[in-house]
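A short worksheet on the structure shown next.
Keep in mind it's a predicted model, so treat the numbers as computed, not measured. Because only heavy atoms are used, hydrogens play no part in the values below, and waters and symmetry mates are left out as well, while side chains stay in.
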Amino acid sequence: DINNICCGYYQFLPNINYNNASLPLNTGSNPIYVHAKHLSINTHGRILAIGKATFSHDDQHAVSDIAYFKQNKNNQISHISMYGHVHLSEPGKLLIAEEANLNVKQHVSILKHATYRMQLSNPPTFICTPLKIKKPSSSRHNNICHTTGLTAFGNAALIERSAKKIYSLHHATWSTCNPKNPTWTLKSSDVELNPLTGRGSAYNTRLYIKKIPIFYWPYISFPITKERKTGLLWPVIGSNSQLGYFFSQPFYLNLAPNYDLLINTSYLSKRRFLFDNTFRYLANNGHSTVRWKILPDDREFARFKREARTEFPDSNLKTDLLNTSNTRQSITVDNDTQWDHHWHSYIDYNDVSDPYFITQIDSNHFPGDTPDQLLQTADLSYQSQYINMDYLMQRVKTLHQIDKAPLENQYSKLPQITLKATHSFGLMKTDVSGQVTNFYQPQDITSMQFPPLGQRFQLRPSLSLPLVKPYGFFTPRFDWD
């Protein structure tokens with residue numbers, strides 16, 4: 001909604017173009033255009049602008065109640081001082097202050113008691129819509145624009161901008177939330193925002209959730225763009241009945257632009273340490289994700305096995321449970337690759353070291369529709385103009401637990417081969433489709449017997465004669481199955 005200002009984006013109003021109706025001042029390069037209700041100049045070359053004093057220089061625009069323009073010996077504007085309701089804007093940034101001092105030559109700015117709003121993406125993204133003007137005028141642009149993406153806002157007692165566009169903020173606040181009702185805010189004694197490195201740093205920083213102080217850092221470094229950076233992520237603290245009290249500290253490694261690694265180390269009061277590692281890889285022809293978890297020497301699982309020995313003495317699963325290691329693991333592999341125009345492969349593999357891993361440790365994050373069945377799939381396919389082939393290996397691993405009702409194992413396809421070929425001979429079209437499937441199912445844990453196993457073969461050749469005319473079509477077809 002273009003009228004919903006500051007609720008999801010910041011809206012930039014059109015800049016007023018005074019280039020043809022104002023006083024051009026010499027800067028040695030591009031001129032500064034000044035407009036005000038009253039303009040005066042003294043014998044020392046000092047220019048005074050009073051009443052909506054506005055100037056435009058390159059892509060920078062400013063307006064204030066009063067402005068002083070100082071010229072050097074070459075009659076070039078070197079310094080600008082602005083007072084009262086100062087609004088300074090440039091692409092992606094808006095600063096409102098009580099006072100501003102600008103060094104035109106060195107491109108240095110100092111603003112006092114300021115409020116800022118800046119676009120963090122580089123370059124900023126603008127969406128423009130036509131501005132409805134009852135009486136069109138050449139002195140205004142006919143578009144109104146708003147910027148999308150990540151933006152930040154806050155206040156500062158003092159803002160300094162260097163020649164390299166590095167911002168230093170003193171006694172400042174910082175947030176990327178909705179400015180009307182921010183969920184979180186950082187308050188710092190000193191903040192530096194460096195768009196060249198894409199990072200910001202702050203000293204004596206307090207984190208506020210709404211208006212409640214939550215955390216304090218003597219020093220903190222954070223990204224100011226959407227580019228990924230190596231470093232610590234927000235920790236997680238909590239508790240539940242299976243893990244006890246837990247503390248998780250993720251560490252992110254930006255190894256390269258197309259692959260990264262997330263290492264999440266957790267301390268579980270009931271089970272000791274859990275290491276959760278996620279590796280992601282992105283290529284031009286596909287992507288891969290590998291997630292591996294390991295929990296060495298799970299003391300709570302050791303206690304569970306001791307209790308199960310006496311609680312379920314006649315269970316068929318008791319021996320398997322007692323022989324299971326206390327070092328527990330899980331792995332998830334997801335790969336999707338288009339090797340060339342014809343060959344494509346897909347892998348979705350999920351496995352755990354014991355049937356109790358998901359329900360006891362990872363019930364909220366493990367993939368799959370149900371916590372007692374894991375899908376393991378590998379698929380290789382070939383497609384061309386005349387032949388399509390698919391080779392599928394698919395297994396559903398059923399997790400039988402001693403303290404749960406018995407489950408029925410699912411049939412696996414080891415393998416399933418599907419083939420379809422088509423070709424035309426003049427007006428005649430031939431199709432041949434077939435499928436071969438080998439079904440397998442593990443031994444039933446209740447009866448200790450193997451279910452019926454077997455293979456399925458299907459072949460369907462067909463012959464058709466498509467007859468297509470401008471006034472209609474008719475396709476006689478013969479199929480044999």
Side-chain angles (χ1 to χ4, degrees), residues 150 176 183-184 186 198-200 205 207 209 214-217 219-283 287-302 304 324-336 347-371 374-376 397 399:
L150 189 63
T176 57
T183 302
W184 64 267
L186 294 176
R199 295 199 65 83
T205 301
L207 170 64
I209 302 298
I214 300 297
F215 206 79
Y216 169 81
W217 295 270
Y219 172 80
I220 185 174
S221 177
F222 52 90
I224 60 174
T225 65
K226 290 187 176 181
E227 296 181 4
R228 301 186 300 270
K229 301 291 182 181
T230 296
L232 295 172
L233 303 181
W234 290 103
V236 178
I237 302 174
S239 67
N240 61 41
S241 59
Q242 292 287 352
L243 307 179
Y245 295 99
F246 61 86
F247 174 82
S248 301
Q249 178 57 69
F251 181 76
Y252 177 78
L253 282 168
N254 186 31
L255 303 175
N258 63 322
Y259 58 90
D260 56 20
L261 176 64
L262 178 64
I263 303 174
N264 190 4
T265 303
S266 303
Y267 176 75
L268 318 175
S269 64
K270 287 188 175 183
R271 303 179 183 273
R272 296 196 177 101
F273 287 95
L274 172 66
F275 302 95
D276 183 0
N277 311 282
T278 303
F279 176 79
R280 301 186 302 175
Y281 180 82
L282 179 65
H287 61 84
S288 300
T289 302
V290 179
R291 187 175 185 181
W292 174 54
K293 295 185 178 184
I294 181 170
L295 196 161
D297 193 18
D298 185 352
R299 57 189 177 189
E300 182 68 13
F301 189 55
F304 173 76
T324 302
S325 172
N326 291 337
T327 296
R328 313 175 71 186
Q329 304 179 60
S330 73
I331 188 169
T332 301
V333 179
D334 180 27
N335 176 268
D336 194 321
I347 297 175
D348 182 8
Y349 181 81
N350 307 281
D351 203 1
V352 290
S353 60
D354 61 83
Y356 310 88
F357 187 92
I358 297 178
T359 56
Q360 294 182 358
I361 298 175
D362 208 10
S363 59
N364 294 328
H365 301 95
F366 209 90
D369 296 331
T370 60
L374 298 178
L375 181 63
Q376 300 173 349
K397 182 177 181 179
L399 305 179

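- Legend: residues meeting salt bridge (Lys or Arg N to Asp or Glu O under 4.0 Å) with K270, ordered by chain and number and at least two apart, are absent.
- Listed for the D276 side chain is no donor-acceptor partner under 3.5 Å among the backbone atoms of K293.
- A distance of 11.0 Å separates CG in L253 from CZ in F279, rounded to the nearest 0.5 Å.
- Residues passing the side chain to side chain contact (heavy atoms under 4.5 Å, CB included) test with N277 are I263, F275, W292, sequence neighbours excluded.
- The minimum heavy-atom distance linking L262 with P250 is given by the pair CD1-CB, 4.0 Å.
- Between T332 and S330 there is no side-chain heavy-atom pair separated by less than 4.5 Å.
- In this view, D297 and R272 satisfy the salt bridge (Lys or Arg N to Asp or Glu O under 4.0 Å) rule, not counting sequence neighbours.
- In plain terms, the two heavy atoms of R291 and T278 that are nearest each other are CG-OG1, 3.4 Å.
- In this structure, the ring-ring contact (aromatic ring centres under 6.0 Å, His included) partners of F215, at least two apart in sequence or on a different chain, are W217.
- Of all heavy-atom pairs spanning S248 and N264, the tightest one is CB-OD1, 3.6 Å.
- Contact annotation: the side chain of Y356 never approaches that of L399 to less than 4.5 Å [non-hydrogen atoms, C-beta and beyond].
- Scored by the side chain to side chain contact (heavy atoms under 4.5 Å, CB included) test, F247 finds P235, I237, Q249 as partners (sequence neighbours excluded).
- Under the rule for a salt bridge (Lys or Arg N to Asp or Glu O under 4.0 Å), the partners of R328 that lie at least two apart in sequence or sit in another chain are D298, D354.
- Considering only residues two or more places apart in sequence or on other chains, F246 meets the ring-ring contact (aromatic ring centres under 6.0 Å, His included) condition with none of them.
- Within the structure, the salt bridge (Lys or Arg N to Asp or Glu O under 4.0 Å) test picks out the following pairs touching residues 255-268 (sequence neighbours left out): R228-D260, D260-R280.
- Side-chain contact between I361 and F301 is absent, with no heavy-atom pair separated by less than 4.5 Å.
- For F251, there are no ring-ring contact (aromatic ring centres under 6.0 Å, His included) partners, not counting sequence neighbours.
- The distance from the CG atom of L207 to the CD1 atom of I220 is 8.0 Å, given to the nearest 0.5 Å.
- Each of E300, R271, Q360 was compared with Q242 under the side chain to side chain donor-acceptor pair (under 3.5 Å) criterion, and only R271 meets it.
- For Y349, the side chain to side chain contact (heavy atoms under 4.5 Å, CB included) partners are I331, V333, I347, D351, Q376, not counting sequence neighbours.
- Two residues are said to be in side-chain contact when any heavy atoms from C-beta on lie closer than 4.5 Å; L374 and I358 meet this criterion.
- Applying the ring-ring contact (aromatic ring centres under 6.0 Å, His included) test to Y267 and every residue at least two apart in sequence or in another chain returns F273.
- Residues L295 and L268 meet the side-chain proximity criterion, which asks for heavy atoms closer than 4.5 Å.
- With sequence neighbours excluded, the residues that form a side chain to side chain contact (heavy atoms under 4.5 Å, CB included) with S239 are Y245.
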